[in-house]
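Taking it in order: structure first as structure tokens, then the write-up.
Chain identifiers are assigned alphabetically (A, B, ...) following the order of the sequence lines, protein sequences preceding nucleic acid strands; residue numbering begins at 1 within each chain.
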Amino acid sequence: MTVRTRYAPSPTGYLHIGGAWMAFFNWLFARNHVGAFVLRVEDTDRTRSSEEYERAIFEDFKWLGLDWDEGPDVGGPYGPYRQTERMHLYRKYAEELLAREAAYYCYCTPEELDAERARAQAEKRPYRYSGRCRALTAQQRAEFERQGRRPTIRLRVHDYGETIVVDDLVRGRVEFDPEHLDDYIIVRSDGSPLYNFANVVDDHTMAITHIIRGIEHLSNTPKQWVMYRALGWEPPQVAHLSNILGSDKKKLSKRTGDTAVRDYKKEGFIPEALLNFFALMAWYPEENREIFSVRELVEKFRIEDLGKASPVFDTAKLTWMNGVYMREMLNREPERVVEACLEPLRSAGLLDGQVTPETRDYIRRVIGTSSSKTGLSMSRRPPAATSAIPPSARSWRPCRSG
RNA sequence: GCCCCCAUCGUCUAGCCCGGCCUAGGACACCGGCCCUUCAAGCCGGACGCGCGGGUUCAAAUCCCGCUGGGGGCACCA
């Protein structure tokens, strides 16, 4: 069986560092196994999703150097790759579940459910759906329909008495007592699928074999496992990773650093450095070594080696690593270093107007000069007017190459 | 409230599964020195850690239990 992994972004914003990190490991795993990496767009939240963000996310992936074998833009044998275009599939499997009586219509209104929840809270007992609609007669249903109630569809999980086992590839065996699960809604009253349902249907119909995702999904997993069972499907292998933290040890937020991948591009970071850094936030391919090419990472990747703890995103180390890459790149592909410096120089007010070949050449000479002092660059590089470099250009971090 | 996950230097981590080779290794950051007109870079050196408490054992960072701390989940969000 060929390995197939996926990353499923919601096009509601730019690619987030945390998302890119997760996507990267899925990509690494697929590439390591010579499998397929697919991009699936989860755009069911129509009010917040936009095509513009979808395009932006693809751009961010391309910049990072993470390529995908299947996706909304390139197509593939398991399409379509946007959830909004897969409604017929969700409908089909919802009907199948209904026919098997593994799911049922629930006519409870949101208000009624809120009341149930409030009551549970007042009595200090954990809330679980009462199951009022689990066994409605045809007459009862007809009566609700007459009242104009639009039903949701719930998955019947209460009868599932055995312990649900999730064999997590990085965490090991995790057990869940179904006592804590209840019949959850899989289709809204307007007919649209909910995450846990759409996700299972998509992963299965897209033949996804391995999923590396955030720890927040670990608690969802037993719910999904029940669904796989109800549908008679084999669940994929899963691995849950803790989320990246900011320097304040809280979930990564704008306050402690940039959260969008494109911000790092704007600041002059080299994508290979970012990927190298990403890897080290969960895994050290070899002892006593920090710098790994993407190719090496692909070769050495082992899902079981991923760490379980939440890493703090250390911008200082990333900056150091970026410097290592830039200095190295100066010899091989100086143009790329110049390219990376363009946006930062512009936002620092040191570059305006058109970027001409002369500008690029000048930047290149400046970088080359300061780098020649490091001894890393060739001494045959013609000396340039170092004094002409504005001080701020030399103290500016990510591009500071020497 | 209930359920689940996690825990080694300030930070990323190696070691943990298969206890002794760990007086716990590397890297970033930090401090000091060398180099240098200066600043970086580079080189050399330094300080810094197994959350706590019980076990098990001749021996525990490593195994077991409890605690504490952090994170996540319990939606007609994803």
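The residues R40(A) and D203(A) are annotated as salt-bridged, a charged nitrogen and a carboxylate oxygen being separated by less than 4.0 angstrom. With respect to E42(A) and R82(A), no salt bridge is recorded, no charged nitrogen being found less than 4.0 Å from a carboxylate O.
Checking U56(B) for Watson-Crick or G-U wobble geometry (two distances, each under 3.5 Å) identifies no partner in any strand. Base pairing annotation: C74(B) forms a Watson-Crick or G-U wobble pair with G1(B), both donor-acceptor distances under 3.5 Å. Using Watson-Crick or G-U wobble geometry with both donor-acceptor distances under 3.5 Å, C16(B) finds no partner in any strand shown. For G69(B), the paired nucleotide is C6(B), the pair qualifying as Watson-Crick or G-U wobble because both relevant distances are below 3.5 Å. Under the Watson-Crick or G-U wobble criterion, with both distances below 3.5 Å, A61(B) is left unpaired in every strand shown. The partner of U11(B) is A27(B), by the rule that a Watson-Crick or G-U pair needs both atom distances under 3.5 Å.
Atom-to-atom, NE2 of H240(A) to C1' of C5(B) comes out at 10 Å; the value is rounded to the nearest Å. Atom CG of N288(A) and atom C1' of C28(B) are 14 Å apart (whole Å). When the P atom of G26(B) is taken as reference, atom CD1 of I291(A) falls 17 Å away, rounded to whole Å. The distance from atom CG of L252(A) to atom C1' of U11(B) is 14 Å, rounded to the nearest whole Å. Computed from coordinates, the R128(A) CZ to C3(B) P distance equals 13 Å when rounded to whole Å. Taking atom CG of L280(A) as the reference point, atom C1' of A27(B) lies 8 Å away to the nearest angstrom. In this structure, K308(A) atom NZ and U8(B) atom P are separated by 12 Å, rounded to whole Å. C12(B) atom P lies 8 Å from atom CG of D314(A), rounded to whole Å.
The side chain of P311(A) lies closest to U13(B), out of C3(B), U13(B), G26(B). Closest contact between the side chain of A316(A) and the listed nucleotides G1(B), U13(B), A29(B) involves A29(B).
Separation of the C1' atoms belonging to C48(B) and C30(B) is 9 Å when rounded to the nearest angstrom. For C22(B) and U13(B), the C1' atoms lie 16 Å apart once the distance is rounded to whole Å. As rounded to the nearest Å, G54(B) and A61(B) have P atoms that lie 14 Å from one another. For the P atom pair drawn from G46(B) and C6(B), the interatomic distance equals 37 Å after rounding to whole Å. Atom name C1', nucleotides A27(B) and G49(B): the rounded distance is 15 Å, in whole Å. Using atom C1' as the reference point in both A60(B) and C39(B), the two lie 49 Å apart (nearest Å). Of the P atoms belonging to C28(B) and U23(B), the separation is 25 Å, rounded to the nearest Å. G32(B) and G69(B) have their C1' atoms separated by 35 Å, with the value rounded to a whole Å.
By the 30° and 60° cut-offs, the orientation of the rings of W283(A) relative to F301(A) is perpendicular. Ring geometry, H33(A) versus H210(A): the interplanar angle falls under 30°, so the pair is classed parallel (tilted spans 30 to 60°). Between Y53(A) and Y14(A), the two ring planes are perpendicular [angle over 60°; tilted spans 30° to 60°].
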What is the per-nucleotide protein-contact pattern of nucleotides 69-78 of chain B, from the 5' end, where B denotes a base atom under 4.0 Å from a protein heavy atom, S denotes such proximity for sugar-phosphate atoms only, and - denotes neither? ---BS-SBSB

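Each of F277(A) and R289(A) has a nearest nucleotide on RNA chain B; the 5'-most of these lies closest to F277(A).
Residue F313(A) is out of contact with every strand shown, counting any heavy-atom pair closer than 4.0 Å. Residue contacts shown for A120(A) are absent, as no nucleic acid heavy atom lies under 4.0 Å away.
In this structure, the side chain of R86(A) engages the main chain of P80(A) through a donor-acceptor pair within 3.5 Å.
At a cut-off of 3.5 angstrom, counting only N and O atoms as typed in the model, there is a donor on one side and an acceptor on the other between the side-chain of K317(A) and the base of A27(B).
Between the NE2 atom of H16(A) and the CD1 atom of I57(A) there is a distance of 12.0 Å, given to the nearest 0.5 Å. One distance of note links SG of C341(A) with CD of E267(A); it measures 13.0 Å at 0.5 Å rounding.
The cationic group of K223(A) lies under 6.0 Å from the six-membered ring centre of Y184(A) and within 45° of the ring axis, placing it in a cation-pi geometry.
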